[in-house]
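A quick note: this is a predicted structure, and the numbers were derived from the prediction, not measured. Below, read A as the first sequence line, B as the second, and so on, with proteins coming before strands; counting in each chain starts at 1.
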Protein chains: 2
Amino acid sequence: MATSTVENYLKHILLLSEAGAAGALVPMGGLAAALAVVPGTATTMAKSLADAGLIEHRPRHGVRLTAEGRRVALNVLRKHRLVETFLVNVLKMDWSTVHPEAERLEHAISDEVLDRLDALLGHPATDPHGDPIPSAQGKLSTEVHATLATCATARPLRVVRVTEQSAEFLHFAEKNGLAPGATVRVTGRNLTAGLVTVKKNAGRPLALSLAAAGKILVTPVRG
Amino acid sequence: MATSTVENYLKHILLLSEAGAAGALVPMGGLAAALAVVPGTATTMAKSLADAGLIEHRPRHGVRLTAEGRRVALNVLRKHRLVETFLVNVLKMDWSTVHPEAERLEHAISDEVLDRLDALLGHPATDPHGDPIPSAQGKLSTEVHATLATCATARPLRVVRVTEQSAEFLHFAEKNGLAPGATVRVTGRNLTAGLVTVKKNAGRPLALSLAAAGKILVTPVRG
DNA sequence: AGATTCATTTTGACTAATCAAAATAACCGT
DNA sequence: ACGGTTATTTTGATTAGTCAAAATGAATCT
């Protein structure tokens with residue numbers, strides 16, 4: 001059985017490789033940063049994960065999941081996102097507080113509980129942040145969305161995902177009506193100043209940094 | 001924050017001390033056995049728990065929880081039993097499979113989740129095995145019940161608790177209508193042979209060893 | 001191409017938790 | 001009170017995971 005440390009390494013390698021180019025190696029530096037360990041620790045761990053056949057380690061270049069490693073990582077990610085969904089939908093917890101909770105629970109629940117949770121929640125496709133939940137068969141939707149930093153302006157949009165897990169940011173997004181499901185419109189964008197202005201249907205305009213806007217994924221909606 | 005190993009030691013010390021005489025020391029041997037470690041390991045850990053002020057260690061005699069240790073232990077036990085209740089009542093899992101699951105989850109859920117689970121379940125007083133759930137204020141009901149090995153014969157009884165966590169035994173109990181809530185009657189008891197016979201309302205009699213009968217706690221019912 | 005910079009790996013050391021086996025203390029019966 | 005049995009503690013080692021800091025290799029920039 002994989003320890004929760006191992007599960008965490010695999011999960012973060014998966015997340016980083018989804019973020020990067022397809023088939024690319026995940027560099028050790030990024031991995032170490034994601035796991036909040038010093039680089040040397042990540043290297044040590046990479047060697048043992050490679051010995052266990054869970055990752056491929058190209059020394060001095062980076063790591064990549066094997067098929068088996070990916071299987072384990074997807075299972076952990078599925079647990080994480082279903083647990084988050086459970087905590088918000090059933091226990092009515094705030095979506096901004098749910099991440100650290102799921103971070104621990106994802107290593108504690110069995111596949112049996114996972115399946116029952118999935119059924120209880122009605123086999124949801126995404127978690128409360130809009131992050132896709134890997135299917136039981138290990139399929140992870142990779143639909144690519146525009147962000148408030150890149151989308152067309154003036155058109156009505158629906159927020160589909162918020163790719164940040166810090167409570168601060170999530171709180172901010174909720175307060176300003178930018179949670180998944182919300183409808184907004186980009187009223188202005190100034191690349192030089194690094195500013196995006198958005199407007200909710202009947203609200204006053206709100207200014208966001210490009211960095212923040214880039215974390216809000218949207219899809220056009222028939223207006 | 002206490003590690004899950006620490007939480008486990010404290011929980012088992014609590015369970016063993018509840019089982020024994022009030023105020024008695026829990027011997028190291030029993031503790032080591034309960035935790036499935038060699039005695040030397042339990043001694044080492046006892047020293048560090050004592051240093052942390054969680055237990056009192058009387059070398060060569062045994063251990064006892066301090067007020068703080070008891071507080072932590074009760075919190076863990078509360079999590080364990082509420083999780084079991086959740087798994088059975090909400091996720092519809094079998095009561096015989098739920099113990100090992102809760103054994104991991106009890107260390108992974110926060111007090112926040114604990115409280116919400118408690119509310120969701122309607123503040124239950126006992127878990128599916130009939131074991132009392134410590135209150136949020138740290139009160140643990142210590143009601144003392146007769147067992148099928150010690151109760152009056154011929155009278156109608158209600159099963160209130162089954163003090164075993166092995167899936168085999170729980171399965172057996174359920175198959176034979178001896179889960180909490182069931183009504184039974186002791187039709188015979190032979191101390192010499194170590195046998196107890198019980199009968200369900202409309203069922204055929206069932207023979208149990210005294211050891212097994214001692215694990216089924218019952219209360220008289222107006223009949 | 002050569003030197004500098006930056007990421008990565010190595011090395012040595014540490015903590016938590018464990019075991020095996022030797023040493024020691026407590027208890028119990030005569 | 002003595003000797004033997006049994007429980008407990010000590011001692012020495014092991015494993016997983018980590019850090020700090022030195023060593024090394026890759027990449028970049030004139």
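Applying a 4.0 Å cut-off to non-hydrogen atoms, the residues of residues 5-27 of chain B that approach DNA chain D are B:Pro27, listed by residue number.
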- prompt: Going 5' to 3' along nucleotides 22-28 of chain D, which nucleotides have protein heavy atoms under 4.0 Å from the base (write B), which only from the sugar-phosphate (write S), and which from neither (write -)?
  reply: --BSSS-

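For the pair A:Leu35 CG and D:dG17 P, the computed distance is 12 Å after rounding to whole Å. Atom CG in B:Leu49 sits roughly 11 Å away from atom P in C:dT18 (whole-Å rounding). If you measure from atom NE2 of A:His57 to atom P of C:dT10, you get 8 Å, rounded to the nearest angstrom. Spacing between atom CE of A:Met28 and atom C1' of C:dT9 amounts to 9 Å, rounded to whole angstrom units. Per the geometry, NZ belonging to A:Lys47 stands 15 Å off P belonging to D:dT18, to the nearest Å.
Residue B:Gly40 is in base contact, counting any heavy-atom pair closer than 4.0 Å across all strands shown. When heavy atoms are screened at a 4.0 angstrom cut-off, A:Ala33 is found touching no nucleic acid atom at all.
Remark: the A:Thr66 side chain and the A:Glu56 side chain contain no N/O donor-acceptor pair separated by less than 3.5 Å.
Residues passing the ring pair (Phe, Tyr, Trp, His ring centres under 6.0 Å) test with B:His99 are B:His80, sequence neighbours excluded. Among residues two or more places apart in sequence or in another chain, the salt bridge (charged side-chain N to carboxylate O under 4.0 Å, His left out) test is passed with A:Asp111 by A:Lys79. A search for side-chain hydrogen bond (donor to acceptor under 3.5 Å, both in side chains) contacts involving B:Arg71 returns B:Glu68, not counting sequence neighbours. Every residue two or more places apart in sequence or in another chain was checked for a salt bridge (charged side-chain N to carboxylate O under 4.0 Å, His left out) with A:Arg58, and none qualifies.
Put simply, B:Thr41 has no side-chain N or O that comes within less than 4.0 Å of OP1 or OP2 on C:dT18.
In the set D:dC19, D:dT10, C:dT8, the nucleotide with an atom closest to the side chain of A:Val37 is D:dC19. Closest to the side chain of B:Thr3, out of D:dT10, C:dT9, C:dA16, is C:dA16.
Under 4.0 Å is where a charged nitrogen must lie from a carboxylate oxygen, and between B:Glu18 and B:Arg70 at least one such pair does. A salt bridge between A:Glu7 and A:Lys11 is absent, with no side-chain N of the basic residue lying under 4.0 Å from a carboxylate O of the acidic one.
Counting only heavy atoms from C-beta outward, the side chains of A:Glu103 and A:Glu106 approach each other to under 4.5 Å.
Mapping A:Ser4 and B:Ala46 onto DNA chain D via the closest heavy atom, the residue that lands nearer the 5' end is B:Ala46.
Here the options are B:Leu178, B:Leu208, B:Leu170, B:Thr163, the test is side-chain contact (heavy atoms from CB on, under 4.5 Å), and the partner is B:Lys215; only B:Thr163 passes.
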